[in-house]
Undergrad: 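The structure that follows is given in the form of structure tokens.
Fair warning: this is a prediction, and the values are worked out from it, not measured in the lab.
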Amino acid sequence: MLPPKLDIGRDDYYQAGIAGCLDFDRSPFLTTPGAASLGTAIVSANPYGPLSVFGAVLNGNTISGFQQNVTIQLGNTPGVAGSFLEIDFTGFSVENGRTLTIRSGASGQTVLIRNASATASVLGGLLQAQGGNGAAAPGLYLQDPNGMTINSTSTILAQAGLTIDTLGGTVTSGNKLLNLGWI
């Protein structure tokens, strides 16, 4: 019986990185192993004013029903030193072919995206911070003490800064960050 893996060793046709070679990791018919859709999200801190969400449902401080392309538009209150909007996901994974955009509503804004579940984050699609309302893109801070994998199909665009934190409760605990994509 064959093992339940595609291209053991990733040296033939799955994430092999061979120019001109068909790469099944980029196929729209396959999903990234371990990747799941974005779960429900709770906006637990928001100093920037009312949010708008496109491609998902915002009900109070809960975001759910994520579609293929989601944009979270921040409010129009400028950020001050130490301020940030916090979004806690119950499973933070952006699948291959999906996009999550965080758009600023004013200058100096920062967004903390935290995985509140017990599973590691997997990024296979596009995560981007964009400027809006004439302001620069917000800074992004990604946090998952369970670890994070950025697959070869993933791109993270964060012009105003990016921090990826996979530390646990102390600076000597946590899990791996694996980057196979573009940051």
Undergrad: Applying ring pair (Phe, Tyr, Trp, His ring centres under 6.0 Å), which residue pairs with at least one partner in residues 69-90 are found, sequence neighbours left out?
TA: Phe66-Phe89, Phe89-Phe92

Undergrad: Can you pull out every side chain to side chain donor-acceptor pair (under 3.5 Å) where at least one residue sits in residues 61-73? Sequence neighbours excluded, please.
TA: Asn69-Thr99

Undergrad: Excluding sequence neighbours, so at least two apart, what forms side-chain hydrogen bond (donor to acceptor under 3.5 Å, both in side chains) with Gln128?
TA: Thr101

Undergrad: Kindly state each residue pair satisfying salt bridge (charged side-chain N to carboxylate O under 4.0 Å, His left out) with at least one member in residues 138-148, sequence neighbours excluded.
TA: none

Undergrad: Do Ile72 and Ile63 come within less than 4.5 Å of each other through their side chains, counting heavy atoms only?
TA: yes

Undergrad: Can you sort out the partners of Thr119 under side-chain hydrogen bond (donor to acceptor under 3.5 Å, both in side chains), two or more places apart, ordered by chain and number?
TA: Ser117

Undergrad: Closest heavy-atom contact between Ala129 and Ala158?
TA: CB-CA, 4.4 Å

Undergrad: Only counting residues at least two apart or in another chain, list the ones meeting side-chain contact (heavy atoms from CB on, under 4.5 Å) with Pro78.
TA: Ala106, Ser107

Undergrad: At what distance, to the nearest 0.5 angstrom, does CD1 of Ile164 lie from CG of Leu167?
TA: 12.0 Å

Undergrad: Could you list the cluster mates of Leu157? Members are the ILVMFWY residues connected by side-chain heavy atoms closer than 4.5 Å, either directly or through other members.
TA: Leu126

Undergrad: Kindly compute the distance separating CG (Leu142) from CG (Leu162), expressed to the nearest 0.5 Å.
TA: 5.5 Å

Undergrad: Can you pull out every salt bridge (charged side-chain N to carboxylate O under 4.0 Å, His left out) where at least one residue sits in residues 106-126? Sequence neighbours excluded, please.
TA: Glu86-Arg114, Asp88-Arg114

Undergrad: Pick from Leu177, Asn115, Leu178: which one makes a side-chain contact (heavy atoms from CB on, under 4.5 Å) with Thr166?
TA: Leu177

Undergrad: Report the C-alpha distance between Leu51 and Leu85 in whole Å, list the side-chain angles of each, state the deciding distance to 0.1 Å, and finish with yes or no for side chain to side chain contact (heavy atoms under 4.5 Å, CB included).
TA: CA-CA 10 Å; Leu51 299 176; Leu85 178 133; 3.5 Å; yes

Undergrad: Checking Ala160 now: which residues fulfil side-chain contact (heavy atoms from CB on, under 4.5 Å) with it, not counting sequence neighbours?
TA: none

Undergrad: Search all heavy atoms of Pro138 against all heavy atoms of Gln130 and return the closest pair with its distance.
TA: CD-O, 3.3 Å

Undergrad: Which pairs count as salt bridge (charged side-chain N to carboxylate O under 4.0 Å, His left out) when at least one residue sits in residues 40-62, sequence neighbours excluded?
TA: none

Undergrad: Please report the interatomic distance CG(Asn46) to CD1(Ile87), rounded to the nearest 0.5 Å.
TA: 8.5 Å

Undergrad: Among Thr155, Asn96, Asn151, Ile156, find the residue that satisfies the side-chain contact (heavy atoms from CB on, under 4.5 Å) test when tested with Leu123.
TA: Ile156

Undergrad: Between Tyr141 and Gly161 (side chain of the first, backbone of the second, donor and acceptor by atom type, cut-off under 3.5 Å), is there such a pair?
TA: no

Undergrad: Examine distances only and state if a side-chain atom of Gln143 and a backbone atom of Ala116 form a donor-acceptor pair shorter than 3.5 Å.
TA: no

Undergrad: Return the NZ to OG1 distance between Lys176 and Thr149, rounded to the nearest 0.5 Å.
TA: 9.5 Å

Undergrad: Would you list the pairs meeting salt bridge (charged side-chain N to carboxylate O under 4.0 Å, His left out) in which at least one residue belongs to residues 145-165, sequence neighbours left out?
TA: none

Undergrad: What's the separation between atom OG in Ser154 and atom CE in Met148, rounded to the nearest 0.5 Å?
TA: 10.0 Å

Undergrad: Are Leu140 and Ile42 connected in the hydrophobic side-chain network, where two residues link if heavy atoms are under 4.5 Å apart?
TA: no

Undergrad: Taking only residues two or more places apart in sequence or in another chain, which ones pass salt bridge (charged side-chain N to carboxylate O under 4.0 Å, His left out) with Arg103?
TA: none

Undergrad: How long is the span from the CG atom in Leu74 to the OG atom in Ser104, to the nearest 0.5 Å?
TA: 6.5 Å

